[in-house]
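Here the structure comes first, spelled out in structure tokens, and everything after it is commentary.
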Amino acid sequence: MTTTATEIRLASRPHGAPTLENFDIVDVEVPRPGVGEALVRNLEISVDPYMRGRMSSAKSYAPPYEVGKVMLGGAVGEVVESNTDALRPGDLVLHGFGWRSHAVVTPEQAHKINAGAAPREAYLGVLGMTGLTAYAGLTEIARFQPGDTVFVSGAAGAVGSVVGQLAKLKGAKRVIGSAGSAEKVRHLIDDLGFDAAFNYKDAPVAEQLAQAAPEGIDVYFDNVGGEHLEAAIASANVHARIAVCGMISIYNLTEPPAAPRNLSQIIGKRLDIRGFLVGDHYDLQAKFLEEVAPLVRDGRLKYEETIVEGLRNAPQAFLDLLAGANTGKMLVRV
């Protein structure tokens with residue numbers, strides 16, 4: 001077994017868009033598990049937009065990363081050494097100690113996965129936190145009903161692509177997505193079955209959305225914020241529901257963004273706008289897996305992954321994610 005492990009640490013807090021200088025790549029000795037612990041060799045790690053917020057010292061729903069310490073994130077790995085009967089060598093586990101090649105975990109911190117039911121990478125994406133985010137946001141927060149017209153921003157991303165497909169499978173009248181390239185727009189329509197999609201860089205979002213949804217929208221799943229949120233409010237029907245999952249368009253701004261200029265429409269349209277965190281909805285996990293895992297297994301719910309090879313490339317993969325270079329879930333193969 002190798003004696004050297006690699007860690008990605010936060011070197012400094014970014015001001016505006018992160019750069020490679022904000023990360024340190026450090027080689028250390030492989031840690032040893034103590035009593036009741038197991039050593040996991042990570043196979044894939046997840047990079048996610050929410051991690052940008054944790055690089056800041058600002059108070060938020062998740063504690064900030066500490067400067068000089070290893071960053072954290074979802075990971076799938078193999079147990080290689082164990083001092084607990086609950087985890088045995090060879091077990092594949094999902095845990096939250098990514099951004100490193102090796103992690104020491106307790107049984108409470110790691111969940112065994114069944115790689116025979118789906119590829120192990122899927123447990124970091126469509127069958128993991130990503131998929132549950134899409135499911136909870138659509139069903140619980142937006143209270144989707146068959147016949148709804150649904151608009152999804154960031155629709156070619158890991159969460160958005162699942163939201164759109166689930167809405168179609170559950171009987172949406174029309175599903176519309178926005179993305180940042182012509183290729184992603186084609187992917188949404190031809191591969192994922194969206195009824196309409198547009199490149200938000202081609203023209204004002206409000207104009208493109210109004211053309212794609214001439215009868216208005218009933219649900220907006222927001223991953224982007226900013227201009228997209230303003231456009232959704234403009235196209236929203238009376239009693240439309242807006243689930244705010246993320247606002248990636250403003251994460252790197254150094255000045256507060258202008259709010260949507262049409263917030264007064266919330267009153268007359270009686271809109272329901274609600275932010276949410278997936279961590280509040282783990283009670284849905286069993287129902288989510290029961291409903292969605294067969295869709296994935298049968299190929300009725302498709303998912304894409306952008307996989308970057310090599311843990312040392314994780315910082316660049318994260319920067320690329322923030323720039324929208326991924327289709328589907330962004331993963332780093334350790």
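Hydrogens, waters and symmetry mates are skipped; everything else that's a heavy atom, side chains included, is used.
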NZ/NE/NH1/NH2 to OD/OE distance under 4.0 Å, [X] and [Y]:
X: Lys173; Y: Glu215; value: yes
X: Lys329; Y: Glu304; value: no
X: Arg32; Y: Glu81; value: yes
X: Asp191; Y: Arg186; value: yes
X: Glu291; Y: Lys170; value: yes

[X] side chain vs [Y] backbone, donor-acceptor pair below 3.5 Å:
X: Thr133; Y: Met129; answer: yes
X: Asn114; Y: Gly116; answer: yes
X: Glu290; Y: Lys287; answer: no
X: Glu230; Y: Arg261; answer: yes
X: Glu227; Y: Val205; answer: yes
X: Tyr282; Y: Val278; answer: no
X: Lys201; Y: Gly180; answer: yes
X: Ser153; Y: Asn223; answer: yes
X: Arg41; Y: His102; answer: no
X: Ser249; Y: Val224; answer: yes

Next on the checklist: Determine whether Val334 and Asn42 satisfy the following criterion, side-chain contact (heavy atoms from CB on, under 4.5 Å), listing intermediate values before the conclusion.
Outcome noted: CA-CA 6 Å; Val334 177; Asn42 286 336; 4.0 Å; yes
Next on the checklist: For a side-chain contact (heavy atoms from CB on, under 4.5 Å) check, start with the C-alpha distance between Trp99 and Val47, then their side-chain angles and the critical distance, and finish with the verdict.
Outcome noted: CA-CA 9 Å; Trp99 292 79; Val47 293; 3.6 Å; yes
Out of curiosity, [X] [atom1] to [Y] [atom2], how far, rounded to the nearest 0.5 Å?
X: Glu29; Y: Thr3; atom1: CD; atom2: OG1; result: 7.5 Å
X: Asn262; Y: Ile233; atom1: CG; atom2: CD1; result: 5.0 Å
X: Ile242; Y: Lys269; atom1: CD1; atom2: NZ; result: 9.0 Å
X: Ile25; Y: Thr6; atom1: CD1; atom2: OG1; result: 8.5 Å
X: Leu92; Y: Leu87; atom1: CG; atom2: CG; result: 11.5 Å
X: Met51; Y: Phe318; atom1: CE; atom2: CZ; result: 7.5 Å

Item to check | Criterion side-chain contact (heavy atoms from CB on, under 4.5 Å) on Arg300 and Gln165, from CA distance to verdict | outcome: CA-CA 9 Å; Arg300 286 182 287 164; Gln165 291 182 86; over 6 Å; no
Cluster overlap [X] with [Y], hydrophobic side-chain contacts below 4.5 Å:
X: Leu20; Y: Leu311; answer: yes
X: Val104; Y: Val80; answer: yes
X: Val26; Y: Phe23; answer: no
X: Ile141; Y: Tyr50; answer: yes
X: Leu39; Y: Val28; answer: no

Does some side-chain heavy atom of [Y] sit less than 4.5 Å from a side-chain heavy atom of [X]?
X: Val308; Y: Arg333; answer: no
X: Ser60; Y: Arg54; answer: no
X: Arg88; Y: Ser82; answer: yes
X: Asn252; Y: Leu322; answer: yes
X: Ile266; Y: Ile273; answer: yes
X: Ser56; Y: Arg13; answer: no
X: Thr149; Y: Ile176; answer: yes
X: Val76; Y: Val93; answer: no

For residues [X] and [Y], report the shortest heavy-atom separation together with the two atoms involved.
X: Ala314; Y: Val332; result: CA-CG2, 3.9 Å
X: Pro18; Y: Pro14; result: CA-CB, 3.7 Å
X: Leu188; Y: Ala197; result: CD1-CB, 3.9 Å
X: Val162; Y: Ala134; result: CG1-CB, 3.6 Å

Next on the checklist: Please determine whether side-chain hydrogen bond (donor to acceptor under 3.5 Å, both in side chains) holds for the pair His15 and Thr254, giving the CA-CA distance in whole Å, both sets of side-chain angles, and the decisive distance to 0.1 Å.
Outcome noted: CA-CA 7 Å; His15 181 70; Thr254 57; 4.8 Å; no
Next on the checklist: Going by salt bridge (charged side-chain N to carboxylate O under 4.0 Å, His left out), Arg241 matches just one of Asp272, Asp148, Asp218. Which one?
Outcome noted: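 Answer to the salt bridge (charged side-chain N to carboxylate O under 4.0 Å, His left out) test with Arg241 among Asp272, Asp148, Asp218: Asp148.
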Item to check | Connected-component partners of Val238 among ILVMFWY, side-chain separation under 4.5 Å | outcome: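 The other cluster members (ILVMFWY side chains, heavy atoms under 4.5 Å, direct or chained): none.
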Checklist entry - So which of Tyr200, Tyr220, Phe194, Phe221 actually passes ring pair (Phe, Tyr, Trp, His ring centres under 6.0 Å) with Phe151? => result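 With Phe151 as partner, Tyr200, Tyr220, Phe194, Phe221 yield a single ring pair (Phe, Tyr, Trp, His ring centres under 6.0 Å), made by Tyr220.
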Item to check | Criterion side-chain contact (heavy atoms from CB on, under 4.5 Å) on His187 and Leu192, from CA distance to verdict | outcome: CA-CA 7 Å; His187 170 64; Leu192 302 187; 3.6 Å; yes
Checklist entry - So, Asn22 and Ser12: side-chain donor and acceptor under 3.5 Å apart, yes or no? => result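 The criterion, which ignores hydrogens and geometry beyond distance, is satisfied for Ser12 and Asn22.
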Next on the checklist: If we count only N and O atoms by modelled type, under 3.5 Å, do the side chains of Asn313 and Glu309 hold a donor and an acceptor together?
Outcome noted: no
Next on the checklist: Please determine whether the number of non-hydrogen atoms from other residues, nucleotides or ligands lying under 6.0 Å from atom CD of Gln211 exceeds 12.
Outcome noted: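 Atom CD in Gln211 is not packed in, count stays at 12 or less.
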Checklist entry - Aromatic rings His281 and Phe276: how do their planes relate, parallel, tilted or perpendicular, breaks at 30° and 60°? => result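 The rings of His281 and Phe276 stand perpendicular, inter-plane angle above 60°.
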Next on the checklist: Please evaluate residues Asp91 and Lys112 with respect to the criterion salt bridge (charged side-chain N to carboxylate O under 4.0 Å, His left out), reporting the C-alpha separation (whole Å), side-chain torsions for both, the decisive distance (0.1 Å), and the verdict.
Outcome noted: CA-CA 7 Å; Asp91 286 346; Lys112 293 182 187 179; 3.6 Å; yes
Checklist entry - After noting the C-alpha distance and the side-chain angles of Thr19 and Glu21, does the key distance pass the side-chain hydrogen bond (donor to acceptor under 3.5 Å, both in side chains) rule? => result CA-CA 5 Å; Thr19 68; Glu21 284 66 41; 3.1 Å; yes
